[in-house]
Each structure stands twice: as structure tokens, then as C-alpha cells.
Amino acid sequence: MSLAGTFRYKTQARRGRRSHRIIAAAAAAAAALSTSIGVRAIDYTWSAPSGNWSVAGNWTPAGGPPHFADRAFLTAGPGAAADVVVTYDPFAFAQLSQLFVDSTNSANVTILQQQGALYSGDEVIGFAGHGSLRLDGSVFHSLSPVSGTDGLYLGLSSGSFGSASISGAAFLTMAGSEYLGYSGAGYLTQSGGFNEVTATGTGLGLFLGYNAGASGTMVISGGSLDVSAATYVGFSGRATFQLGGNGTHKTAGLLVGGNGTSLSTYLMTSGTLANSDDEAIGLGAGSFTQGGGSHTIGGPNGLYIGLGGSNAASSSGTFTLSGGALSVSAAEVVGGTSPGFMNQSGGTNTTFRLGVGGLAPGTFTLSGGLLQVQQLSAVALGTAGTFVQLGGTHITLALSIGGSVAGSVGMYSLSAGSVSAQIEAIGFGATGTFIQTGGSHSVTDLALGGTSGAGTGTYLMSGGTLAVTREIVGPLGSGSFQQSGGTHTVSQLRIGGTAQASAGGGLGSFSLSNGATLIVNDLEAVGSPFNGVFNQSGGTHAIHGTTPTNGLFIGFNTASANTPINGGTFTLSGGSLLVDGPESIGVTTGGVFNQSGGTHTVGGAVSIGGTQAAGLYTMSGGSFSAASVLNRGAFTQTGGSATFGTFQGTGAVTIGGGAGTAVLSVSSMVQSAVMVASNGTLAVRQAAARVTNSAAALTIVGNGRLDLANHQLITSDAPSTIKAYLASAYTANADWSGPGLTSSIARNNPAKYSLAYASGSDQSAQDAGIAVAPGKVLVQAVLTGDANMDGTINFFDITQLLGYKYNTNQPSSYTDGDLNYDGVVDFFDLVTLLSANYNSGQTYLGAPLGAAEPAAEIVVPEPACMSAISLGAVPFMARRKRRR
Ligand SMILES: [Ca+2]
Ligand SMILES: [Ca+2]
């Protein structure tokens, strides 16, 4: 919006002052005045005490009262110390060229008109002393200027005092200008009737406090004031305008506080102020106080609060609205070219546009009532703008904080009340900050960091509620949302730049800390697709979207970007993060999730890394649970507790390696590379049905543990490596209490359960018919003593044990019969085999032993027959089994 148009006030004011220099000069001496304005006939002077106008003897020279085009001077002469009242009686009828009402001493002269009509060219009430005009009842008092400088003057000269009153149905009409305090003091009260100032054009209108040192006062409690041109409340002097009762003030332009530096005031308690043109509060120092009534401004520019001209440095404007209605059809600017202040504690304030901080700082304080902006509320258009909301309601189509002019600084502070906008930009092209400590804030589309690379937008939220449909933090420029309290609800939240920073993209960051609640109903994208950061150190964070395109995305773009850098980073160190649906880390740009604390719960599938971008989940503390995890990037857990459903992927997995314990529990696992390092535990949860897990490359170091419970594991590692992991867990105590590759079921009951392994490249495993491919190693939970891994412990296990390396002292595998993991097959393995399970009739294939287990299908020999077994019989047994 342009401020230029409003400067015509200033120009107009200067013209007005120039055109009246002649009047000011004339005021120096009555003699000079009597000849300088127009062509006059006879000058008549009142030369009596109080009396009637029509009495001839009251006038000097003889022949009065004044006739057509004469001039009348009403004075209280040196001989009349008392006040004089000249009554315009029923016989009076004056058609004057000029009327002067003044005393030449301390007395006051009054002309009282209660009937009839009086016509004059212009009129001076209080020339150098005191004068009064009283219009009561149904009278007509008409002034028609003879020259362009004519007018109605109340208090013409410095030190003079002129007053007028209009009441009843009196009608005062002035075809020129009216001056309340030209160089003196002017005072007009209106309780009824009409006051029409019909002159139009620049330099004309109604002036209160015209010259420096003058003062003008207008008090309207009824009736109507109609100014065809502008009303100047304080032109170069000081003025007070009071509008109350059922009074009406119509004007084509209003200026409160003119060229002077003393404060002028418009005080409106009720009634109607209808301004068809622009309005400026504080061209010098001005204030408008509205406590009621209807105030409309129809000019093409609107209302400017603080619009200093040559003295802008010392100028300011203040508007206080506590009741009634203020309606501006164009713009309302707080801080035009000098500082402006708008204080609204009540009433309604309606405008098409609102600017707070134009070319000068502006402050809008809203503590009550309704502020309704049909188009744009701009806080800081070109310099500093501050909006402080302590209450009330602010409704706008668009809200901009920190305008498009470089260097402007906008701040919106909300502690109570409500503000709503369809579009809101914080730091649009400059610096914008929104501070919310309370209240309610709702936005359809919210952008921090605006749409320009120069913008910096910050939102500091410590209380209240914020509801947003679509929110983007740092699309271009820089955006930061810091939430330490309150409830923030958003349908779609995107954090980060729309392009890489080197290509002009923005930086977005969001921090959530203790006491804050963030609820995302559909989608949250950190890195959208670039340079997004989310730091959660506390608070509650829930993401409810459950469709495939909703949920939490870190490094994300709906377009086909394929850049595995500068994506999103989520850091969780405290509080709770609940994702009802899917979560993707590294989708179309790289994604990183760092968890050092807090609770991270995902009801849907977690994807780490994708076909287009890298993903990394690093966990050092806290808890993390997910329905399932697909890891095509890297999952590194050095601390904390994680619980997954199925855990699949081709990425890297590291559990442990930190100072504290790290525990990952899964329902099943299919991974390429798994490392369980010191202090790490990777456990497959015990389940009713046995599942087959795989870790193509399994590495267990230090005191790391992989717990298979009742399940199987397939790996491509060397059998000796796997056996070493198993032997470590088995320990010399034969109780599976050590680190390595273990089973919680075996550890809980080592006499009953154990872990077995079979290599697909091992003859003894092939002979036993175990389903494992060459180059692979199968590990599974078994009943203790199940040498051939068929589920039961019987005579065939003895033949398995005795059939290969029994007592040869050669390195042996489990299926060779080294059931106690001491490296060889000997009597102690036989003791292990012949423990609690031998010939018990139980079959264990991973499912819990019980009624559902199938009965043993093989009739087993009596234990006593083992004594008959000879070493020579073993090869036969083995061959027989191969044929089976
Ligand atoms: Ca067996
Ligand atoms: Ca052994």
C-alpha cells in the first residue's frame, strides 16, 4: 500500500496557512482589518449596555442598526465594564458584510440569537478580547464569504477568546471555513441543531487550533456537524474535539494533530463520525479515543496513525478504541511515517487492510473487542511492527509478520484471546517472530521463513493452542519453530527447504520440549525435502496419519527428487513420539533419526533407507517400538530398548558397542549384516510357532548376545564362527549363560533345551537329512541331546553321535556329536544325550511342548540296548539313515 496519497493533507494544510496570512496580518490592528477585506459600506459599533439589536440608539453612528452590506462591531467599550449581551430580537434582520463580536476590555460580549435569520459575509467572535455567539432555537445564521479568506473565526488574535453554542434546532451554515482558535482560543459547543461548513477545496474546512499557539475546542453532544471539506483537529496549534450524545460529525477527511508538536485529541464517546475521505492521527502529535459510537472512514487510503511530515521525528499518533465501531474501507496503518500506536480494548475494528509499522514503527495492542481485517494484516511493512494481543479476537484473511522490505522486523505476541488467518507468513521477506504464551491461534496455511530467501521466521510457543491445516517451516529463507508448551495441532507439517540451500532452498527446524504437545493429524515431513531438523527433548508428539502417504517422513518429497543428501534429521532425547501409521527415514532424500532418550512408538511400518536415499537410525537411549521395520540403510543401537515386529532388510544392523546396555527384541529377523557388540542383546521373542530368521553375515563380539529363543537362524557365516558363538554362550557350566549365540529357553532350562547348529557343507548334517543348503549354517533351539536335530531324543541320536568322530579327538561339529561344545565327541557328549530327554517320547520343533505336540513316531529301543552298540555298527546305522 502506498503512503504517498496521504501526504496531501500536509500539502493542503500548507496552502491553507498561506492563504490566511492576510487574515493574520489584519488581526494586528482593527483599522487595517476594516479596509483590507472586501468593499464595505458603513461600520456600525454597538455603543450601549446589553440590549436589543433593532434599537437604533444602541448603535454609533446614528442610523443603525446596520443595513445591507454594512459591518457591525459588537463591543463592550471602555465605559461598559460589565458583560454585554446583544439580543437579536424579533425586529432584527441583518445582512452584513462582516460581524465582529468582541470587547475591548476584560468583559465579554455576546450576541444571542433565538429567532430570525442573520446573514453575514464573515464573522469574528473574539477578535482580541472575548466574544460569544449563542444560537438557540429555530434560528438561521448564515455566513457567505465575500472573499476567499472569509470565514467564521472564534478567537482570532493571540490572547483572544471566542465561543459559540448551537442548540435546539439552530442552523449555522458557513460557505467558507470555520476556525476554532485561529491565533487565540476558540470554543464551540453543540447540543443540537446543525453546523454546516460547506466550502470545498484545498485549504478550506473546519480548523481547530489553526496557528501555532492557538487552541480550539469542539464539544458536540447532539445535533449535526457537516463539513464538506476536511476537519483539522490541531492544525498548527492544539485542539480537542469531543463527540458524544447522539451527535453526528460528517467530514471529507480528518486530521488529528497537525503541524504543531502539542498534543491534539479527538474524544468520541458515542454518536456518529462519518468520514468520507482519509484520516490521519498524529501528523504532529495526535490521539483519537473512541469509547463508543460509529466511526467510518471511506477514503482511498484510509486511517493513518502516526503520519509525521516535516516534524516526523517528534510526531506520533495514538488511537484508543474501547467501544463502538471503527470501520475503514481501505487501509489502517499504525506507524505511517512517524510512530503509531493502536490500543484496542473493546468495540469492533473493521478494515480492508491493516499495516502495523509502515515507514515508522507501529504498535497494535489488542486486549478486547473484535479486529476484523478483510484482506491482509501486515505486521512490519517496512520497519518495526509489533502486535501485542492480550485478549480480544483478531480475524484476518492473511497475516504477514516481517514484511517484504529488507530490514523490517515484525513481532506478534499472543498471550490471550484468539487470532485466526487463512494464510500466515512469519518472516515473509524480512524478520518475523510470533510469540505465543497463551490464547488461541488458528491458521489454514502457515509458513515460517516465508517465500523469500531473505526471510527469517521464528515461532516461540510456550502456551495456548495453535491449530494449523498446512504448516511449512523454512521452505525458503530460514524457519524455526520452538515449542516449549501449549497444544499445537496440525494436519500437515513440513520442515525444511524446497530446494538445496545452494540453490536457494531454506532451512527449517522444529524443537519440542517439556510441557509441549504437538499433534499431527496426517503428515509430518522433516526435510521436505531438504534441510529439515526436528529436535525433541520432551513433550508429547503424536502423528495420527495411517494411510501410506501419511505418517512421519524424514527426508521426504512427494516429487521424484533423488538426492541422498541434505534431507531430514530427527533427534529424540526425551518425551514421547507416537506414530500411528508408517514412518520412513530416508525416502527421496537422506534421513537420519538419532534417539538418545524418550519413547518412540510406531504403530505402522518403519522404513530405514530406501531405493533412492540413505537412511540411518542411531539409538543410544530411550525406547523404540515398531510394528515392523524394513532396514535398507543402517540401524545402530548402542543403548536403550527397542521392540520390533518383523525386522527385515538388506542394510546393516549393529546392536551394542556402547557403555550401557542395548536391547533389541524382534518377532522375526531377515537381515544382511548383523553385528551384536558388547553390552548388546538382540533377541527374537519366543512365540508359539518357530520362525526362521536369517542374518547373512552375523558378527558377535565382546559380551554381545543373540537370543534365538525357540526359533531358527540361517546364516552364511563359517560353521566354525557360529560354533564359537554358541560355545561362548554354552559356557563350561553347560547352561547357556554366556554371551554369544544363545537361547533364553535353553538358559532357563538347560537340562531340557539346547541350541544346535548344522552346516549344509557338513557330511554329518547331510546324513541326518537336515534341511540346510551348502554354504549355509542353520541354528535352532532343540531338546538337549538332539544330535540329528529331528525333534526327538532317541536311539538315532546315539547313532548320530557315535557315527563320525566319537573318541577320535578330532575337531567336531554339533551334528558330528559335539553336543557340549567342547570341540570333540566323547563320552561327555553321550552323557548330555542321555539326560532328561532321552526316550521321553517328546518331539520339539520349536513349538511349546504340550498336548499339541505330535507323539513320537518312532518306536525306540530300550535304553539297555545301547550297551550292545559297537563302534562297528555305527556306519551301518548312518547309511541306513541316509537311505531313509
Ligand atoms: Ca533326534
Ligand atoms: Ca563334546
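All ligand and atom numbering here is 1-based and tracks the order in the structure. Values in this document were obtained by computation on a predicted structure and should not be read as measured data.
- The aromatic rings of F481 and F510 sit parallel to each other, their planes meeting at less than 30°, with 60° as the upper class boundary.
- Remark: the K776 side chain and the T715 side chain contain no N/O donor-acceptor pair separated by less than 3.5 Å.
- The O atom of T792 and the OD1 atom of D786 subtend an angle of 90° at the Ca ion (ligand 1), given to the nearest 10 degrees.
- Classification of the Y757-Y814 ring pair by plane angle, with boundaries at 30° and 60°, yields tilted.
- Rounding to the nearest 10°, we obtain 70° for the angle at the Ca ion (ligand 1) between D797 OD1 and N788 OD1.
- Atom OD1 is the N, O or S atom of D790 at the shortest distance from the Ca ion (ligand 1).
- Each salt bridge (Lys or Arg N to Asp or Glu O under 4.0 Å) pair with one or both residues in residues 801-815, not counting sequence neighbours, appears once here: K805-D816.
- Any protein N/O/S atom under 3.0 Å from the Ca ion (ligand 2) was counted, giving 6 altogether.
- Salt bridge annotation for K723-D818: present, with a cationic side-chain nitrogen under 4.0 angstrom from a carboxylate oxygen.
- Donor-acceptor pairing under 3.5 Å is recorded for the side chains of N550 and T547.
- Side-chain N/O atoms of Y804 and D767 include a donor and acceptor closer than 3.5 Å.
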